[in-house]
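Residue numbering restarts at 1 for every chain, and letters A, B, ... go by the order of the sequence lines. On a predicted model such as this, the values are computed, not experimentally measured, just so you know.
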Amino acid sequence: MAKPFQKCLEWVYKKFSENPAGMLITTSVIGWLLSMVAQVIAIAVNPKIKDEQKVFLIPQEFNDALVNIGAFLLITQFTKRIANHLFSTGKFAPKSVREYLNTSAKQYKGKIGNLDLNLDKVLEHANPDIKRAYTSYKEFGTTAATVGAGIFAANIVTPVLRNKMASRVQKSYINVTKSDTNKDAVKVKSPTEEIAPNNQTPKVPSPQFQALHRPQINTVSNRGSMRI
Amino acid sequence: MNIRSDYSYNYNVSMQGKPPKPIKPGDKPLDKFRKKIEQKIINLLPEKTFNDGKDKLDKCDKYGKIMSRPDSNRLIMGIPAIVIQPVIDYYNHRVDKETRVVSRNRILAKGVACTSVGVLVRGTVYQVLNKLTDVNGTKKSSTALLPKKYIDIFKNNPKKLTNYKSALSTIIALMVMTFTNFALDAPLTTYFTNRLNEKSAKKMKEKEVLYG
């Protein structure tokens with residue numbers, strides 16, 4: 001029992017101890033898809049929601065997952081990269097790091113803010129206080145930017161886009177339903193007139209048909225005691 | 001040795017980016033285009049220097065830790081969802097009023113249900129994982145979730161330990177979520193949605209009676 005479990009833990013170490021970032025993105029996507037499936041099933045089996053609303057809510061949930069995944073990859077990940085590069089290239093830096101770069105001005109002249117410069121390597125052997133200041137600001141800045149971009153992507157971009165997509169699906173469903181009811185209405189023929197196929201002259205109803213469907217006139221009943 | 005200079009407090013590795021890479025002649029066209037866009041955006045922003053007093057750095061560490069913890073991160077992402085998304089759905093005039101009300105109620109119910117379950121699940125996994133992956137712990141269970149072969153490597157390389165914990169917690173959370181999505185999130189969402197719909201229907205009837 002212990003050996004297979006240890007083997008699993010060793011597999012996690014071998015695969016992800018160097019760089020878990022790719023796996024974290026994949027698991028986020030899987031999590032979103034699982035949540036979408038659960039919510040779609042919940043909507044479909046809920047008897048208290050009408051069909052016209054289900055036709056909006058199910059595509060809404062489906063598109064919510066897709067747009068969330070797209071927005072996560074395009075907006076959140078991109079913002080994270082930019083925030084990380086701003087600190088790693090020295091564009092945004094704490095005071096002690098700025099002074100360190102200025103004392104080595106010749107070495108880093110013209111490189112600040114350039115993707116060529118990677119302060120993670122430059123400060124590897126620097127003073128621990130400088131390293132601490134750099135790491136603290138870089139990690140805080142990158143985390144704050146990632147969270148902010150995530151909030152914007154998930155709560156502004158995603159709802160607006162998914163509502164637009166789901167509304168179209170509901171509209172086409174309503175149009176299809178309306179055209180079906182119109183077709184059914186056309187099939188009902190009036191008793192006095194028949195729709196003539198192929199532009200032929202309309203048939204006149206037979207005398208028996210007319211007699212059956214003649215509107216009833218109230219006959220005068222023999223009331224009172226008058227005898228004729 | 002100043003531990004902070006060696007490894008990150010940041011529990012959530014997914015919030016940290018990769019180091020910058022310059023444009024090289026052998027880059028693929030898409031990579032070149034991406035790096036050019038990144039460089040242009042970086043060039044647009046002015047240089048900024050931050051005050052790095054001890055209190056500022058302690059605040060950065062404190063708030064960064066709060067934002068990167070799985071449970072507090074879920075709460076930070078969940079609260080705007082509960083506040084903003086129902087409003088967007090209610091004012092979606094592409095659909096009729098009844099659908100808008102039901103959509104608003106469902107999104108509100110989903111936000112409350114999923115956020116509360118998410119915070120609970122992630123918080124529990126985080127606490128349990130921290131207790132069972134403590135390389136410096138004295139109890140027998142302190143290293144229960146660490147591969148015994150590599151415990152010494154973790155003691156000397158905190159970054160690998162952070163990466164390992166992040167990966168393992170994500171795998172465990174995904175396994176738990178597979179169950180909770182169907183067993184807790186969806187039923188709770190349905191329950192809250194139906195309750196909110198009943199209340200909305202009552203209010204609409206009252207308005208009809210009052211105003212005709």
Side-chain angles (χ1 to χ4, degrees), chain A residues 6 9-10 12-13 16-17 20-21 23-24 27 30-31 34-35 38-39 41-42 46 48-49 53 56-57 60 80-82 84-86 88-89 91-96 98 113 115-116 118 120 128 131-133 135-137 139-140 142-144 146-147 150-151 154-155 159-160 163 167 170, chain B residues 2 4-5 8 10 13-17 19-22 35 38-39 41-43 45 47-52 57 60-61 63-64 67-68 76-77 80-81 84-85 88-89 92 94-95 99 102-103 106 147-150 160 163-164 166-168 170 174 177-178 181-182 185-186 189-190 194:
Chain A
Q6 279 295 313
L9 297 179
E10 285 166 22
V12 173
Y13 170 82
F16 306 117
S17 59
M23 179 270 252
L24 295 172
T27 48
I30 293 172
L34 278 173
S35 172
Q39 293 291 337
I41 292 173
N46 187 348
K48 295 186 180 179
I49 298 179
Q53 284 142 24
F56 174 75
L57 295 175
Q60 186 193 47
K80 182 179 79 175
R81 287 179 70 89
I82 297 290
N84 184 64
H85 292 342
L86 283 169
S88 297
T89 58
K91 199 74 188 255
F92 286 2
K95 210 171 167 184
S96 51
R98 187 69 68 210
L115 290 174
D116 290 338
N118 181 4
D120 289 5
K131 277 167 84 172
R132 193 226 158 160
T135 315
S136 288
Y137 266 105
E139 290 188 351
F140 173 74
T142 312
T143 305
T146 309
V147 170
I151 290 172
N155 298 309
V160 169
N163 284 348
S167 309
Q170 194 199 37
Chain B
N2 186 347
R4 267 304 281 116
S5 63
S8 154
N10 198 308
V13 178
S14 65
M15 296 203 184
Q16 299 306 307
K21 285 182 186 169
K35 286 175 185 176
E38 286 173 4
Q39 187 64 73
I41 293 173
I42 293 169
N43 292 344
L45 297 165
E47 231 175 71
K48 182 104 175 118
T49 305
F50 299 103
N51 182 0
D52 57 358
L57 296 181
C60 282
D61 288 352
Y63 294 123
M67 280 192 288
S68 65
I76 291 168
M77 299 297 286
I84 298 171
Q85 289 194 31
I88 293 177
D89 276 20
N92 173 27
R94 291 185 187 91
V95 295
T99 308
V102 171
S103 173
R106 199 193 75 84
K148 288 177 185 169
K149 243 172 146 177
Y150 305 112
K160 282 202 171 180
N163 287 345
Y164 172 82
S166 198
L168 188 65
T170 307
L174 187 64
M177 264 167 55
T178 309
N181 270 333
F182 292 90
D185 287 4
T189 306
T190 304
N194 290 341

Are any side-chain N or O atoms of [X] and backbone N or O atoms of [Y], one a donor and one an acceptor, separated by less than 3.5 Å?
{"X": "B:Q85", "Y": "A:A154", "result": "yes"}
{"X": "A:Q39", "Y": "B:N181", "result": "no"}
{"X": "B:K149", "Y": "A:E10", "result": "no"}
{"X": "A:Y137", "Y": "B:L57", "result": "no"}

Indicate yes or no: at least one non-hydrogen side-chain atom of [X] is less than 4.5 angstrom from one of [Y].
{"X": "A:N163", "Y": "B:V95", "value": "no"}
{"X": "B:N163", "Y": "A:F16", "value": "no"}
{"X": "A:Q60", "Y": "B:R106", "value": "yes"}
{"X": "A:R98", "Y": "B:F50", "value": "no"}
{"X": "B:Y150", "Y": "A:L9", "value": "no"}

Measure [X] against the heavy atoms of chain A and call it side chain, backbone, both or neither at under 4.5 Å.
{"X": "B:I42", "value": "both"}
{"X": "B:M177", "value": "side chain"}
{"X": "B:T189", "value": "side chain"}
{"X": "B:D89", "value": "both"}
{"X": "B:R94", "value": "both"}
{"X": "B:N43", "value": "both"}

How far does [atom1] of [X] sit from [atom2] of [Y], to the nearest 0.5 angstrom?
{"X": "B:K48", "Y": "A:L86", "atom1": "NZ", "atom2": "CG", "answer": "12.5 Å"}
{"X": "A:T27", "Y": "B:L174", "atom1": "OG1", "atom2": "CG", "answer": "6.0 Å"}
{"X": "A:L34", "Y": "B:T178", "atom1": "CG", "atom2": "OG1", "answer": "5.0 Å"}

Region of A:F92 in contact with chain B, defined by heavy-atom distances below 4.5 Å: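 Contact with chain B involves both backbone and side-chain atoms of A:F92.
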
Of the backbone (N, CA, C, O) and the side chain (C-beta and beyond), which part of A:Q170 lies under 4.5 Å from a heavy atom of chain B, both, or neither? side chain

Determine the minimum heavy-atom distance between A:V12 and B:A167, stating which atoms define it.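 Where A:V12 meets B:A167 most closely, the heavy atoms are CG1-CB, 4.2 Å.
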
